[in-house]
Amino acid sequence: MKDKSSDVKKVTGRPDLRLLSLGMYCPGCHYGIITRVICEVIEELGVAGKAIGLAGVGCSFGGAPMTIDIDWTSCPHGRAPAMATAIKRIYPDAMVLTVQGDGDLGAIGLGCFMNALVRGENLTTIFLNNAVYGTTGGQMAPTTLLGMKTTTTPLGRDIQTNGYPLHVPELAATMRGVAYAARCTVHTPANFQKAKKSLKTAIQKQIDGIGYGIVEFVSACPPGWGLKPLECLDYISERMLEEYPLGEFKNVDKTD
Amino acid sequence: MKDKSSDVKKVTGRPDLRLLSLGMYCPGCHYGIITRVICEVIEELGVAGKAIGLAGVGCSFGGAPMTIDIDWTSCPHGRAPAMATAIKRIYPDAMVLTVQGDGDLGAIGLGCFMNALVRGENLTTIFLNNAVYGTTGGQMAPTTLLGMKTTTTPLGRDIQTNGYPLHVPELAATMRGVAYAARCTVHTPANFQKAKKSLKTAIQKQIDGIGYGIVEFVSACPPGWGLKPLECLDYISERMLEEYPLGEFKNVDKTD
Amino acid sequence: MTERILVAGNNAVARGAIQAGCKYFFGYPITPQSEIPEYMSKELPKIGGIYVQSESESGSIYMVYGGGLTGKRIMTSTSSPGLSLMAEGLSYLAEQEIPAVIVDVVRMGPGIGTGGQGAQTDYLQVTKGCGHGGYHAIVLAPASGQEIFDLMQLAFYLADKYRGPVMVITDFILGQTEEPIELRTLDFGPLPEKEWALTGKEKRGGKRVTHVAAFFTYQGILNYQMKLIEKYAEIKRTEVRYEKYLADDCDLLIVAYGSSARIARGAVDMGRANGLKLGLFRPITLWPFPVEAIAEGASKAGRVLVVEDSQGQLVEDVEASVKGRVPVHLLGMWGRHNVGGGGIIHPERVIEEVEKLNEG
Amino acid sequence: MTERILVAGNNAVARGAIQAGCKYFFGYPITPQSEIPEYMSKELPKIGGIYVQSESESGSIYMVYGGGLTGKRIMTSTSSPGLSLMAEGLSYLAEQEIPAVIVDVVRMGPGIGTGGQGAQTDYLQVTKGCGHGGYHAIVLAPASGQEIFDLMQLAFYLADKYRGPVMVITDFILGQTEEPIELRTLDFGPLPEKEWALTGKEKRGGKRVTHVAAFFTYQGILNYQMKLIEKYAEIKRTEVRYEKYLADDCDLLIVAYGSSARIARGAVDMGRANGLKLGLFRPITLWPFPVEAIAEGASKAGRVLVVEDSQGQLVEDVEASVKGRVPVHLLGMWGRHNVGGGGIIHPERVIEEVEKLNEG
Amino acid sequence: MPRGRIEIIEEYCKGCQLCVKFCPKDCIEISTDKINPNGYLLPIFVSEDECTGCGICGWMCPECTIDVYRYIEN
Amino acid sequence: MPRGRIEIIEEYCKGCQLCVKFCPKDCIEISTDKINPNGYLLPIFVSEDECTGCGICGWMCPECTIDVYRYIEN
Amino acid sequence: MDYHELMIAGTGGRGVLLIGRLLAQAGIETYKYALFFPNYAPAMRGGESECTVMLSDSAIGSPVIFKPACAIAMTGSALTLMENRMRSGGSLIVDSSVISDRVAREDITAYYIPATEKAVYLGGTQAANMVLLGAYVEHTKAISLDLLEKALDNRLQGESKKPILELNKKALNEGAGLMANYES
Amino acid sequence: MDYHELMIAGTGGRGVLLIGRLLAQAGIETYKYALFFPNYAPAMRGGESECTVMLSDSAIGSPVIFKPACAIAMTGSALTLMENRMRSGGSLIVDSSVISDRVAREDITAYYIPATEKAVYLGGTQAANMVLLGAYVEHTKAISLDLLEKALDNRLQGESKKPILELNKKALNEGAGLMANYES
Ligand SMILES: Cc1ncc(C[n+]2csc(CCOP(=O)(O)OP(=O)(O)O)c2C)c(N)n1
Ligand SMILES: Cc1ncc(C[n+]2csc(CCOP(=O)(O)OP(=O)(O)O)c2C)c(N)n1
Ligand code: SF4
Ligand code: SF4
Ligand code: SF4
Ligand code: SF4
Ligand code: SF4
Ligand code: SF4
Ligand SMILES: [Mg+2]
Ligand SMILES: [Mg+2]
């Protein structure tokens with residue numbers, strides 16, 4: 001084993017911003033990987049000192065503030081965008097970030113989120129789409145796939161009773177105050193890199209004062225899906241991405 | 001004056017469903033004309049007996065239940081779609097209609113409305129866009145035009161502070177559960193007729209079980225705009241329709 | 001014989017509702033009550049009923065409002081922060097006199113609190129006016145699986161009888177505890193027709209029904225308020241419910257409701273076995289509050305110990321009832337043994353407190 | 001000399017806030033308080049402040065929550081149904097100890113109520129727990145334009161001092177009544193630095209601040225509750241405020257707050273002019289409630305008449321304070337003369353009630 | 001030859017003048033002195049000969065307070 | 001010739017096997033008996049020779065519990 | 001103790017609140033305390049409207065009074081209302097141009113001022129309220145006309161408002177004149 | 001009065017709640033009252049878990065007890081916890097395969113059952129809980145093993161569950177056997 005330290009470069013490890021904590025996530029939860037994405041992007045942009053994070057209620061609630069070394073507040077369920085609005089209005093130089101699940105942003109918080117877009121706030125939102133309410137035990141979320149079984153859709157989600165899955169960045173892209181909207185995953189190394197780029201772009205839009213940026217992460221919830229961590233990867237490729245295509249839905253340098 | 005009744009046909013008058021009441025509206029308020037649209041469409045479709053109306057808080061609150069002879073409830077501000085959801089689920093054969101202002105639906109009720117669309121409810125919504133909060137004295141609404149002065153935008157609405165005007169039917173059209181989305185006005189006789197056609201189509205979608213129908217009415221609020229009734233007509237043609245183009249944004253026979 | 005099964009309190013809530021003829025449930029997940037919507041989502045479709053997962057607890061209560069307007073039996077369940085989101089809706093249900101049952105499986109508050117803490121911190125909120133305007137809702141506080149099942153049926157009956165929201169409050173302990181229940185049907189007697197229900201006017205021979213604010217009946221607004229005041233007075237006269245256990249020959253009366261009452265009952269047994277003359281007074285209706293009965297019991301016993309897993313809320317009503325005639329002590333949430341996530345006041349701790357009082 | 005201007009109570013709210021250094025207002029229109037956001041939308045931008053029209057009262061309170069986290073002075077105002085929508089947020093503000101001022105210009109409830117009715121129907125809600133979890137907010141109830149202006153300043157001070165939401169409650173009458181006020185600046189003394197404010201960690205030399213639920217500090221959750229309990233006890237010890245008017249030699253003590261206290265004061269004057277020995281006790285803090293002072297005043301006078309424009313809410317606290325020692329009567333909203341949309345209890349009606357009591 | 005006529009139920013009129021504006025035949029004018037009990041200046045049907053009974057004034061009246069009659073050729 | 005190596009801080013591992021799955025060189029295997037105090041089966045770095053120090057296992061570890069080193073040619 | 005109280009009643013469009021507010025505004029120049037309370041139903045458009053004004057040198061207790069010592073009635077229904085409520089010995093000023101009824105109570109004094117008629121003559125019905133206000137201050141001497149005019153100057157600034165300012169001032173003086181020469 | 005109380009403590013993954021629920025389920029066949037209370041922290045994944053079971057012929061007061069008469073400890077920290085809390089004279093059943101500590105208190109009786117070891121031998125660590133439950137019923141005779149097996153039959157129906165059902169039954173009996181022949 002070569003071992004002289006002069007010959008060795010650490011290529012990756014725990015990011016500086018990533019706090020040591022006995023992870024708040026279940027084994028194989030992609031939120032852990034997304035945490036790395038967030039840390040690395042904030043480090044690369046050099047904005048850790050200006051960053052104020054707002055964690056929604058959901059697994060992000062415990063996870064994000066406990067694992068990323070910036071200022072944080074948790075928020076009442078679904079209300080991060082309103083809280084972020086006030087913070088950003090008062091401290092326009094801060095980098096204000098909300099991290100919200102699909103129940104948090106897509107259900108209870110949909111109005112709060114949409115109204116922040118109407119007001120044309122200059123914020124960044126990380127939207128965690130695991131297609132279920134992970135924290136509370138795997139109930140249906142607005143993003144649950146058609147036919148997917150959850151604890152409140154025991155026979156699978158059907159259109160008649162529960163409507164269609166919600167596409168958040170596509171929806172956001174239609175709003176004039178939005179500067180950036182994209183969907184990504186971290187379920188392969190290549191996608192991990194793309195996700196970093198997306199998030200970086202979104203935050204840059206905020207820094208440049210252009211407008212709202214939202215990045216959806218399609219991510220696995222092994223207990224919520226009743227699958228093993230590795231099975232989840234296939235489920236993402238085969239099922240989730242069919243409903244939730246990856247890509248940028250909006251990327252503008254000036255809102256109109 | 002010819003007067004033999006056999007020679008005379010009543011072409012128009014107070015519709016049967018229109019109740020005699022010392023109108024709830026200010027002089028020149030278009031809500032009165034829209035009331036006629038609603039009455040005539042319900043009569044022509046023959047669904048008065050099955051109709052249950054839900055009036056938002058706003059000028060529609062008093063106006064609609066007091067002037068249209070069908071079952072009604074008023075609703076907490078912005079919450080008509082949730083209430084309508086329950087009623088329609090319990091009585092699928094009823095014709096369930098919400099009447100909501102731009103503050104009611106576009107601000108406080110945006111989440112409630114959007115979530116009804118996510119769930120793919122089979123309802124009809126009449127959306128009254130007068131660009132202000134008429135009832136409470138002319139404050140800014142999400143649909144207030146850029147530059148428009150209201151009691152809470154004393155210098156005119158600006159993008160920086162208050163974002164962009166909200167386009168409700170266009171937004172609704174992007175949602176998969178929506179079968180029909182259109183914008184109309186009643187500020188000219190021709191538009192009055194088109195509006196009737198739009199609303200009829202929207203309600204028919206509900207009757208046929210196809211999906212959500214929403215019809216926006218751009219309408220005048222003379223005191224809110226600080227204009228005389230006739231001046232409002234020009235304001236609609238010249239300013240409102242520039243921001244809010246008329247037309248159908250979605251009209252499908254089957255949602256997907 | 002009626003069936004007897006071992007179920008958790010949350011399950012008893014759902015089963016009791018279905019037994020009462022409730023086929024429409026509108027709800028949103030929140031710990032520690034998610035088993036209720038989960039059960040409903042599975043069972044209601046089987047009996048032609050409907051489970052709608054709302055987008056939030058506000059969504060739930062407004063759906064309940066709409067549903068209640070149809071005249072059907074309707075319910076929702078939630079836990080503390082969710083109940084706060086229902087405040088406006090509750091006030092409207094009371095104003096518009098819409099029958100509905102709302103279950104609060106209390107979690108520790110304020111704020112986000114925690115779903116894994118057996119707490120009773122919503123007493124003030126549910127009894128004194130979560131929403132604006134000085135309305136009241138009947139609040140039932142069961143203390144066992146069977147009572148949950150039974151009171152759910154009563155709740156629907158009272159909601160119809162008095163036309164308004166009725167609340168049932170349990171908590172983490174009661175919701176999770178599994179006990180055998182008898183699936184018995186309770187009959188509380190006949191109820192008037194719901195002529196006020198919105199059905200579309202063709203079902204009423206063309207006579208329409210409208211539900212608009214009292215505000216439109218200007219001459220009647222005071223009459224409206226007087227009717228409300230009289231309704232509440234009537235409920236106070238006739239619907240007070242409570243249970244006494246060894247309360248007639250005790251020298252210390254424990255007052256407690258819900259899970260704390262169960263724990264206190266355990267303590268009474270322990271105490272009696274050890275020569276302590278304890279008795280228990282358990283309010284079943286938190287509103288209307290059993291003012292006279294507590295005052296009487298307290299006078300007889302000579303002193304009172306309130307046991308409640310909160311900062312001290314019930315104790316205010318007990319003090320107001322007792323009016324300073326005998327001392328009222330409190331064992332609040334500081335009586336908890338804080339194990340894991342789930343702090344609990346144990347019966348042993350209650351006995352300890354009694355002994356402290358005895359020592360003076 | 002400080003400036004003296006004639007302004008409505010709603011205007012005094014806004015001016016008082018600005019005088020206290022509040023530059024951030026988050027609000028939503030609702031009668032009868034819309035003049036407050038309207039004034040703020042005009043004035044705040046002139047002084048480098050910000051008015052954000054939220055999408056709803058829930059939006060307002062969560063913006064207030066976010067704003068409060070920055071350590072700046074923040075406020076919102078609303079009226080009854082809007083306050084209900086703030087229930088969850090208020091509970092969070094209390095849990096997370098965020099200073100903020102919330103003004104409720106009460107309108108008659110429950111339900112939609114009406115903005116054109118001078119009513120006091122939110123007493124229970126604001127004093128007992130609009131939100132879940134048994135938190136409390138200091139509640140200030142001014143009774144004149146000047147006092148509104150002054151108490152707004154006090155409210156911001158107390159919010160900072162005790163780190164939590166403080167409520168100021170007025171109503172239609174107080175909000176609309178125009179009276180001269182002196183634009184004086186009140187100084188309540190120094191306050192600690194807000195080290196807990198979220199600013200981005202570079203402003204604190206890289207030391208981050210987090211505000212997460214008490215729930216994450218499992219071993220500390222009980223400590224958290226005990227701290228809260230102690231804080232409330234401290235407030236009860238030190239912040240009780242009230243005013244007495246001819247209360248020391250009266251044979252009937254009227255207890256009333258806010259607009260009803262003004263009306264009652266008019267009645268006291270009328271009564272005294274006609275040989276009736278009336279006195280007035282006016283709670284200024286509704287929470288903490290002046291329990292002892294009322295008990296003392298009541299004992300001295302021998303009987304109490306509560307005047308409140310509601311179904312009877314304040315009266316419960318008065319009864320709990322008086323503990324049955326002297327009779328407590330109530331003139332509630334049925335004392336209104338219902339003219340147009342605006343029912344009002346007039347001083348003449350109070351005198352009538354006193355005379356009825358005197359006749360026995 | 002007149003083809004139609006209108007009747008305005010004056011009690012409910014709010015004097016908004018939409019009928020005046022939209023009559024394609026200018027059959028309606030606003031009065032300068034005729035006021036209803038609610039204090040609104042009333043419109044007057046001034047030109048019976050021109051009226052076609054087209055119904056437009058009726059549609060456009062926010063108070064639904066105009067009845068329009070058309071004469072039928074039999 | 002090995003071009004890199006990894007170190008797994010075992011205490012924080014949750015045994016999800018994402019590292020195993022994503023190593024392009026199959027350098028990591030899951031053990032059948034090595035369990036950490038939290039009860040998770042641990043991955044083992046089995047193939048030092050193949051490791052390129054590409055970093056992928058590090059990125060993909062949800063617990064950020066893998067340090068990756070690359071050898072530099074000097 | 002110098003003290004004046006006035007209630008003004010009418011319908012929304014007639015400027016009831018305006019003259020009340022103006023009186024209070026002008027009043028604080030003379031009195032230590034002044035109070036104006038508008039009572040109207042915001043939800044009813046053009047509904048009934050009333051307001052109370054109090055001017056005093058000692059602190060004002062109640063912002064509302066049931067039985068005013070002085071009142072102005074601008075519509076028929078307002079007259080009925082005020083006649084029922086007024087304190088014995090009080091003065092009730094009536095716009096006799098629009099109200100044909102007479103006051104029946106004998107324990108109050110009515111002043112019938114043809115306010116609307118005079119206002120039309122001066123240039124517009126909307127100034128009827130000022131005629132009545134002028135009559136009120138002349139009758140009670142609560143404050144000087146000058147102060148009212150100053151308050152009007154403050155409220156109606158700029159060239160465009162000039163005609164209406166002039167109209168209002170003329171109307172005030174007209175009302176004062178009518179009252180000064182009033183013969184019952 | 002026939003009465004039994006049992007607390008079971010361990011970590012989430014070890015089936016603590018499962019055997020408690022099973023015991024209560026089987027218990028209602030024999031007793032008039034049965035109660036199962038799971039106390040766990042839903043927010044902490046894989047955190048500590050404990051439950052209480054009571055079987056009785058008279059109404060059960062408190063659903064929680066601080067000092068149980070009988071307990072099962074499945075992890076080291078659970079042992080510490082239970083040893084501290086147990087009532088004097090009580091019995092504490094310990095999975096000695098995973099817990100090397102011994103009970104120090106002399107006023108309670110400890111039974112060291114190598115549950116995990118036996119379970120592995122029988123076919124899987126996950127059956128360790130059943131071994132302990134078997135030991136418990138053998139020790140207390142609270143209910144018959146048959147009833148527990150019936151409860152298992154109900155819970156694990158269908159062909160696919162058969163192997164695990166068999167494993168569990170074997171483990172139950174193994175535990176009962178270990179306790180029957182227990183020598184301290
Ligand atoms: C007002 C309110 N309602 C409900 C809850 C309970 N709750 C906690 S997390 C959560 C949803 C979590 O789902 P999601 O946002 O998708 O996050 P995930 O856990 O899947 O990451 C809910 C409903 C709450 N805390 N507050
Ligand atoms: C919870 C709540 N907040 C605020 C109000 C006050 N309010 C009454 S109507 C209204 C808005 C009306 O605006 P819009 O919906 O546009 O209706 P419009 O009057 O313009 O027709 C508001 C804010 C209320 N009744 N309830
Ligand atoms: S429940 Fe799902 S989302 Fe939450 S930590 Fe576990 S895997 Fe992640
Ligand atoms: S305020 Fe505006 S919307 Fe309301 S009735 Fe008047 S004109 Fe119509
Ligand atoms: S019916 Fe037609 S032509 Fe006749 S008055 Fe009306 S709009 Fe004019
Ligand atoms: S349109 Fe109707 S309300 Fe308007 S002036 Fe003509 S008749 Fe009157
Ligand atoms: S650094 Fe690359 S090659 Fe080496 S173990 Fe990790 S993934 Fe495999
Ligand atoms: S990816 Fe990380 S947590 Fe998962 S098995 Fe590998 S080292 Fe452990
Ligand atoms: Mg989720
Ligand atoms: Mg509007």
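In what follows, chains carry the letters A, B, and so on, assigned in the order in which the sequence lines appear, proteins first and then strands, with residues in each chain numbered from 1.
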Visitor: If you draw the axis of the six-membered ring of G:Tyr112, does the NZ or CZ of G:Arg102 fall within 45° of it and under 6.0 Å from the ring centre?
Guide: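 Checked: cation-pi criterion met.
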Visitor: Go through D:Leu174, D:Ile173, D:Ile5 and name the one with the most non-hydrogen pairs under 4.5 angstrom from chain G.
Guide: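 Top count of heavy-atom pairs under 4.5 Å with chain G: D:Ile173.
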Visitor: For G:Arg85, is there an ion pair with G:Glu50 - N to carboxylate O distance below 4.0 angstrom?
Guide: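 Yes, G:Glu50 and G:Arg85 are salt-bridged.
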Visitor: For chain G, which of D:Glu179, D:Arg349, D:Arg262, D:Met270 has the most heavy-atom pairs under 4.5 Å?
Guide: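 The candidate making the most pairs under 4.5 Å is D:Arg262.
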Visitor: Please work out whether the ring planes of D:Tyr257 and D:Tyr123 are parallel, tilted or perpendicular, with thresholds of 30° and 60°.
Guide: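 Aromatic pair D:Tyr257/D:Tyr123 classed tilted.
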Visitor: Does any backbone or side-chain atom of D:Glu348 lie under 4.5 Å from a heavy atom of chain G? Answer side chain, backbone, both or neither.
Guide: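 It is the side chain, since no backbone atom gets that close.
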Visitor: Looking only at side-chain N and O atoms, does D:Gln311 offer a donor or acceptor that is under 3.5 Å from a partner on D:Gln313?
Guide: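 Yes, side-chain donor-acceptor contact under 3.5 Å.
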Visitor: Taking D:Val268, D:Leu280, D:Leu6, D:Asp269 one by one, which has the highest count of heavy-atom pairs under 4.5 Å against chain G?
Guide: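 Going by pairs under 4.5 Å, I would pick D:Leu6.
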